[in-house]
Amino acid sequence: MEETAVAVEASPQKATKRPKKDLLPPYDGPVLEVRNVHRSFQTGSRIIHVLKGIDMEVKPQQLVMLKGRSGSGKTTLLNMLGGLDQPSSGEILFAGQPLQDWGDQRRTALRRKEIGFIFQAYALMPLLSAWENVELSLRMADVPRSEWKERVGHCLDLVGLTKRVKHRPFEMSGGEQQRVAIAKAIAHRPRLLLADEPTAELDSKMGAQVMTVFRNIIEVEQVTICMTTHDPTILEVADHVYEMADGRFLK
Ligand SMILES: Nc1ncnc2c1ncn2[C@@H]1O[C@H](COP(=O)(O)OP(=O)(O)OP(=O)(O)O)[C@@H](O)[C@H]1O
């Protein structure tokens, strides 16, 4: 499918107000604080130390990137930032709350309400249209049905896809599919967006469109983004880059 000529044509939008949520008390500090995090895996009799003392901070509405060679530990760290995995030692504070002290149920609720995930391979439902894919995310997050229409329309507009709402993934370019995935990831108004190599499958033009969308949603949706990338041209867009090598950040 041909990409549209203009980069991303989202309508100018005002910042939307984040509705109050009970899960987290109000907190003006960093969205993420990572303190001396280690992660080891046991495979058979061997113990592999993948993360070896990670310290990082992600402030509200920042775009933070993790770069590093394949195998350096980026995905392992991203999984922990999203509460999908737990550190072997150290702590991760999400909006000031220590995730390791939370039970499984509360961590799952945090993931569903406060975090959006974007992957390299889009992760869309193949038989659903762009509109239905975004709607599905609202259904999963228990957002009242009465709010779906406005919210889905708003999110698809933000990613510049108002003219593609009825298309199914196979009728769209890779860049468009990734933008649907972004609309889907922000639909439930998460505080944090985690993206694992979101531009890896895209050419440089489509990759740049995705980064334009990221900048736009940081402003309009007041979201914070932490992503991994190998692409040096994309790193220029970051507010902060952490370079990883062998489970540590390079100074
Ligand atoms: N569950 C696991 N069990 C054993 N080893 C693991 C596990 N998860 C990750 N690893 C190992 O940890 C190391 C880091 O993997 P990780 O996927 O975090 O790297 P990465 O920097 O994201 O690489 P890539 O850029 O290729 O995605 C690898 O050597 C991997 O094999």
Side-chain angles (χ1 to χ4, degrees), residues 31-58 62-94 99-100 102-104 107-108 110-111 115-124 174-175 177-179 181-182 184-185 190 192-204 206-211 213-214 223-251:
V31 176
L32 286 168
E33 291 156 89
V34 178
R35 294 182 188 153
N36 198 21
V37 159
H38 290 250
R39 180 67 170 110
S40 307
F41 296 103
Q42 179 142 20
T43 50
S45 57
R46 273 184 68 213
I47 292 181
I48 306 167
H49 297 281
V50 176
L51 299 181
K52 301 169 181 170
I54 296 288
D55 291 285
M56 73 184 288
E57 197 174 270
V58 181
Q62 268 193 329
L63 173 53
V64 168
M65 297 195 197
L66 305 174
K67 77 164 193 173
R69 287 205 178 142
S70 182
S72 56
K74 303 183 296 296
T75 304
T76 303
L77 176 58
L78 212 63
N79 287 343
M80 265 180 287
L81 300 182
L84 294 167
D85 186 19
Q86 296 243 61
S88 306
S89 65
E91 65 174 2
I92 296 176
L93 307 184
F94 188 102
L99 286 187
Q100 68 276 1
W102 287 29
D104 281 349
R107 264 207 311 276
T108 303
L110 178 89
R111 270 203 308 277
I115 304 175
F117 292 92
I118 295 170
F119 305 95
Q120 189 173 330
Y122 323 136
L124 299 174
Q177 288 182 59
Q178 191 59 302
R179 284 190 270 140
I182 295 167
K184 195 176 171 183
L192 176 69
L193 207 57
L194 296 173
D196 202 0
E197 302 265 3
T199 60
E201 300 278 312
L202 307 176
D203 65 26
S204 57
M206 289 197 264
Q209 288 178 345
V210 163
M211 296 320 297
V213 166
F214 275 1
V223 77
T224 303
I225 301 178
C226 185
M227 60 175 276
T228 64
T229 187
H230 282 110
D231 185 341
T233 60
I234 277 173
L235 290 167
E236 290 168 13
V237 185
D239 293 314
H240 192 85
V241 177
Y242 287 97
E243 182 170 4
M244 221 171 173
D246 191 26
R248 293 186 175 90
F249 286 145
L250 300 178
K251 296 279 180 251

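Just the heavy atoms: all of them, side chains too, but no hydrogens, waters or symmetry mates, feed the values below. As the structure lists them, so they are numbered: ligands from 1, and atoms in each ligand from 1.
- A heavy-atom separation below 4.0 Å is not found between Gln42 and ligand 1.
- Rounding to the nearest 0.5 angstrom, the gap separating the SG atom in Cys226 from the CG atom in Leu77 is 7.0 Å.
- With hydrogens and angles ignored, the 3.5 Å screen pairs a side-chain donor or acceptor of Lys74 with a backbone N or O of Arg69.
- Where the criterion is an N or O separation shorter than 3.5 Å, residue side chain and backbone included, Gly71 meets it with respect to ligand 1.
- Atom NE2 of residue His49 and atom NE2 of residue His38 lie 9.5 Å apart, to the nearest 0.5 angstrom.
- With hydrogens left out, the protein atom closest to atom 4 (C) of ligand 1 is Phe41 CB, 3.5 Å, a heavy atom.
- Short contacts between ligand 1 and Ser72, defined as distances under 4.0 Å to a heavy atom of the residue, involve ligand atoms 19 (O), 21 (O).
- In this structure, the separation between CG on Asp239 and OG1 on Thr224 is 10.0 Å, given to the nearest 0.5 Å.
- Using a non-hydrogen distance threshold of 4.0 Å, Arg69 registers as a contact of ligand 1.
- Summary of contacts: the protein heavy atom closest to atom 11 (C) of ligand 1 is Val50 CG2, 3.8 Å.
- Here the CE-CD distance, from Met56 to Glu33, works out to 11.5 Å after rounding to the nearest 0.5 Å.
- Of the polar atoms of Ile48, none of the N or O atoms is found under 3.5 Å from an N or O of ligand 1, judged by distance alone.
- Distance check for atom 2 (C) of ligand 1: a protein heavy atom is found below 4.0 Å.
- The single protein non-hydrogen atom nearest to atom 26 (O) of ligand 1 is Ser70 OG, 2.5 Å, given as residue, atom name and distance.
- If you check which protein heavy atom lies closest to atom 27 (O) of ligand 1, you get Thr75 OG1, 3.5 Å.
- Atoms of ligand 1 lying under 4.0 Å from any heavy atom of Thr43, numbered from 1 in the order shown and given with element: 4 (C).
- Near His230, with a cut-off below 4.0 Å to any heavy atom, the atoms of ligand 1 are 25 (O).
- Shown here, atom 31 (O) of ligand 1 is out of close reach of the protein: none of its heavy atoms lies under 4.0 Å off.
- Residue contact check: Lys74 has heavy atoms under 4.0 Å from atoms 18 (O), 19 (O), 20 (P), 21 (O), 22 (O), 23 (O), 25 (O) of ligand 1.
- Set against the non-hydrogen atoms of Thr76, the atoms of ligand 1 under 4.0 Å away are 9 (C), 15 (O), 16 (P), 18 (O).
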